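Just below is one structure, and these are the notes that go with it.
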There are 2 protein chains.
Amino acid sequence: MGAECHHPDGVHPGLKGSALNHALGAAEQRCAATQERLTAPRRRVLELLLESNSPQKAYDLIAAFGAHGEPAKPPTVYRALEFLERLGFAHRIESLNAYVPCRIDGQSHRAAFLICDCCGAADEFEPDFTAQLAAATKAGYQVSTITLEARGRCAACSAPASS
Amino acid sequence: MGAECHHPDGVHPGLKGSALNHALGAAEQRCAATQERLTAPRRRVLELLLESNSPQKAYDLIAAFGAHGEPAKPPTVYRALEFLERLGFAHRIESLNAYVPCRIDGQSHRAAFLICDCCGAADEFEPDFTAQLAAATKAGYQVSTITLEARGRCAACSAPASS
DNA sequence: ACACCTCCTGTTATGAGATAACATAACCGG
DNA sequence: CCGGTTATGTTATCTCATAACAGGAGGTGT
Ligand SMILES: [Zn+2]
Ligand SMILES: [Zn+2]
Ligand SMILES: [Zn+2]
Ligand SMILES: [Zn+2]
């Protein structure tokens, strides 16, 4: 039984209140340290990502951007996402056309995701790419970035249905 | 000098003539063995992928589909691509929104790509996902598929410019 | 302050990628 | 031949992303 499961979205809680402010403050500091500017629209998009509990589509962010339900114009959000990705504050999940805030502290890094096909959760983890980098070098490639996306079921969604 | 290089597309030669027919024949046989049908549009899309020397966009395939320059309708090609992916005859490269024929013989497998940002080549290789699968298991995930895409420069494009 | 440059933003419009929905046709087993 | 199943044809629409250009904010040197 339970060929389909319908767990609600969300594995990450989504930040609120002081935790959210703290994360945004930390981002400001990291920007200041590198002469980058966390401007209003960039900060707002990062805030939306941090608040959410699941990967966000660009047009979800566009719709949620304004304080009173006013949407943003697409370039506003896409530019902010480009900035956030460049600085390592956010990642794009290619197989979902969606974005998540970086959950791994520290600077820019190679990202990898475990994506649950059931509840939509996307867990970032620190990948060990030693084997693949060796293969790339052997093939004569100079690798600059790697993305890995694993699809499957998270622990909660693999558990037997309670109903 | 040489901040940009402009090598022509293509690392894979692209199949022609008897090699192409042989590959298509092999695909027919694999389909027959599993009660699947390599119908005309599916065969045509596979042919276009095999002929090409670089990842093909869906709308490139749509434009090239007809024998006399007549384009296909989008669903025709997207359905064929879905079939070819399902059977392991083709792979989608998420970070390019493009498709390649599988270059690794045998049945369905986990794919990984080395993608050259300079010439656009996409080399498929057999990945060793041992480390990542271990990490996924540790996190409680049951992984069904993995895709890995490494960006960088191929051997030819890393070589010093001749000009 | 001023001129200057650079980076960022606002806005309009458009391009690229993918799918929904429904009707028709081919295939296959009985 | 009939009926279920699978695949195709066709129209329309949806989602995702960027080009292009005008204007504003923030620095730097004089
Ligand atoms: Zn991260
Ligand atoms: Zn789940
Ligand atoms: Zn393959
Ligand atoms: Zn190259």
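Remember, it's a predicted structure, so these values are computed and weren't measured experimentally. In what follows, every heavy atom counts, from backbone to side chain, and hydrogens, waters and symmetry copies are set aside. Just so we're on the same page: letters track the sequence lines, and every chain starts at 1.
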Residue pair A:Asn97/B:Ala40 against DNA chain D: nearer the 5' end by closest nucleotide is B:Ala40

Looking at A:Cys31, is its backbone amide N or carbonyl O close enough to the side chain of A:Arg37 to form a donor-acceptor pair, meaning the two atoms are under 3.5 Å apart?
no

Quick check: is A:Phe125 connected to B:Tyr141 through a chain of hydrophobic side chains (ILVMFWY, heavy atoms under 4.5 Å apart)?
yes

Find the distance B:Ile62:CD1 to C:dA18:P and express it as a whole number of Å.
9 Å

Any side-chain N or O of B:Arg92 under 4.0 Å from OP1/OP2 of C:dA18?
yes

For A:Leu38 and C:dC8, give me the distance from atom CG to atom C1', rounded to whole Å.
13 Å

Is there any side-chain hydrogen bond (donor to acceptor under 3.5 Å, both in side chains) pair reaching into residues 71-84 of chain B, and which pairs are they, with sequence neighbours excluded?
none

Within-4.5 Å side-chain heavy-atom neighbours: B:Leu48 and B:Gln56
no

If an axis is fit to five pairs at each end of the helix from C:dA1-D:dT30 to C:dG30-D:dC1, what is the angle between the two, to the nearest 10°?
40°

Taking for each residue the nucleotide of DNA chain C bearing the nearest heavy atom, is the 5' side occupied by A:Lys73 or by A:Glu36?
A:Glu36

Whichever of A:Phe83 and A:Pro74 has the more 5' nearest nucleotide on DNA chain C, that residue is A:Phe83

Are side-chain heavy atoms of B:Leu148 and A:Phe129 found at a separation under 4.5 Å?
yes

Check nucleotides 21-26 of chain C for protein N or O atoms closer than 3.5 Å to its own N or O atoms and list the pairs.
| from | atom 1 | to | atom 2 | distance (Å) |
| --- | --- | --- | --- | --- |
| C:dA21 | N6 | B:Arg79 | NH2 | 3.3 |

On DNA chain D, compare the nucleotides closest to A:Asp60 and B:Pro41; which residue's is nearer the 5' end?
B:Pro41

Euclidean distance, atom CD of residue B:Gln35 to atom C1' of C:dC28 [Å, nearest integer]:
11 Å

So, the side chain of A:Arg30 versus the backbone of A:Leu87: is there a donor-acceptor pair under 3.5 Å, distance only?
yes

With a 4.5 Å heavy-atom cut-off, do A:Leu20 and A:Ser18 have their side chains touching?
no

Separation of C:dT9 atom C1' from A:Arg43 atom CZ, nearest Å, is 18 Å

For the pair made of CD in B:Glu85 and C1' in C:dA18, what is the distance, rounded to whole Å?
13 Å

Mind checking if A:Tyr99 touches a base, just sugar-phosphate, or nothing, with heavy atoms under 4.0 Å?
sugar-phosphate

Tell me, please, the opening and closing nucleotides of DNA chain D, 5' to 3', among those with an atom under 4.0 angstrom from a non-hydrogen atom of chain B.
D:dA7 to D:dT11

Contacts of A:Glu28 that satisfy side-chain contact (heavy atoms from CB on, under 4.5 Å) - sequence neighbours left out
A:Leu38, A:Arg43

For the backbone of B:Ala33 and the side chain of B:Gln35, can you confirm whether one donor and one acceptor N or O come within less than 3.5 Å of each other?
no

Nucleotide nearest B:Tyr78 (side chain, heavy atoms from C-beta), chosen from C:dT12, C:dT9, C:dT19:
C:dT19

Please report the distance, rounded to the nearest Å, between OH in B:Tyr59 and P in C:dT19.
10 Å

For a quick test of your reading: what N or O donor-acceptor pairs under 3.5 Å do the side chains of residues 91-104 of chain A make, sequence neighbours left out?
| from | atom 1 | to | atom 2 | distance (Å) |
| --- | --- | --- | --- | --- |
| A:His91 | NE2 | A:His109 | NE2 | 3.4 |
| A:His91 | NE2 | A:Glu124 | OE2 | 3.0 |
| A:Arg92 | NE | A:Glu94 | OE1 | 3.1 |
| A:Arg92 | NH1 | A:Tyr99 | OH | 2.9 |
| A:Arg92 | NH2 | A:Asn97 | OD1 | 3.0 |
| A:Ser95 | OG | A:Glu149 | OE1 | 2.5 |
| A:Ser95 | OG | A:Arg151 | NH1 | 3.3 |

Nearest-Å distance, CD (A:Glu82) to P (C:dC7)?
13 Å

Separation of A:Leu84 atom CG from C:dC8 atom P, in whole Å?
12 Å

Between A:Gln142 (side chain only) and A:Gly140 (backbone N and O only), is there a donor and an acceptor less than 3.5 Å apart?
no

Sidechain-backbone polar pair: B:Arg110 side chain, B:Pro127 backbone, donor-acceptor under 3.5 Å:
no

